[in-house]
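The block underneath contains the structure these notes are about, expressed in structure tokens.
First listed ligand is number 1; within each ligand, the first listed atom is number 1. One-based numbering along the sequence shown.
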Amino acid sequence: MPFELPPLPYAHDALEPYLDARTMRLHHEKHHAGYVKKLNTAVSGTEWSTSSLEEMLRRLDEIPEAIRQAVRNNGGGHFNHSLFWTCMALPAEGGGEEPTGELAEEIERAFGSFSDFQQGFGEIGMKVFGAGWVWLCLTPDQDLAVVTTANQDTCFMPRELGGYGRGSIPLLGLDLWEHAYYLKHKNHRAGYINDWWNVVNWAQVSTNLQRVRGSQSLLTV
Ligand code: MN3
């Protein structure tokens, strides 16, 4: 099978008390695993089975209609979750520490300050109706922006298929599906967002920015 579920980079309970172990296990072993399984079913035996995940999502408009929606939903789900896990860390390993260096400077330039960025990101996340994601993304003009996508769409999908085009690269994403928080936070998305800031791995987000600037792919899934 071309795609595999990447292991979580920490134990299921590592992000307690902010993200609970039961949610993390279900989210990774059921939801994310389901996207990988269905993606493999969709692409196996097609000419796309040897393409990288990022390439497939960038060129979603070229994928045969018979499998396009399955690739959109499940390929997007596989990419989004693979990035999501790596953008978190336990507080003892740097989770929740503020960004530094070039990334910190760019956040200040784009949003005024880190706390202004956090506030704006949270407000935009609160406005997403139904299931989707909120992203810190690098635009084709090389600016930082906060954007949202519906369902499992991701930033660099074609515009007509829910994204912002191939030059828009997500650096950090927050899953706003209820499966990401309902067991612990119930209907309180704001509480989930506030808790999540305590485990954001800004060192990884900096690495993501460097990788994108160096024209490297974000993930090796
Ligand atoms: Mn999810």
Under the criterion side-chain hydrogen bond (donor to acceptor under 3.5 Å, both in side chains), I'd like the reasoning laid out for His31 against Trp177: C-alpha separation, chi angles, the key distance, then a yes or no.
CA-CA 11 Å; His31 292 277; Trp177 286 54; over 6 Å; no

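Atom NE2 is the N, O or S atom of His27 at the shortest distance from the Mn ion (ligand 1). For the Mn ion (ligand 1), the nearest N, O or S atom contributed by Asp175 is named OD2.
For Glu97, there are no side chain to side chain contact (heavy atoms under 4.5 Å, CB included) partners at least two apart in sequence or on another chain.
Taking 2.8 Å as the threshold, His81 counts as a candidate ligand of the Mn ion (ligand 1), since one of its N, O or S atoms lies below it.
For the atom pair CG (Asn208) and CG (Leu103), the distance works out to 9.5 Å, reported to the nearest 0.5 Å.
None of His78, His81, His27, His28 except one satisfies the ring-ring contact (aromatic ring centres under 6.0 Å, His included) rule with Tyr35; the exception is His81.
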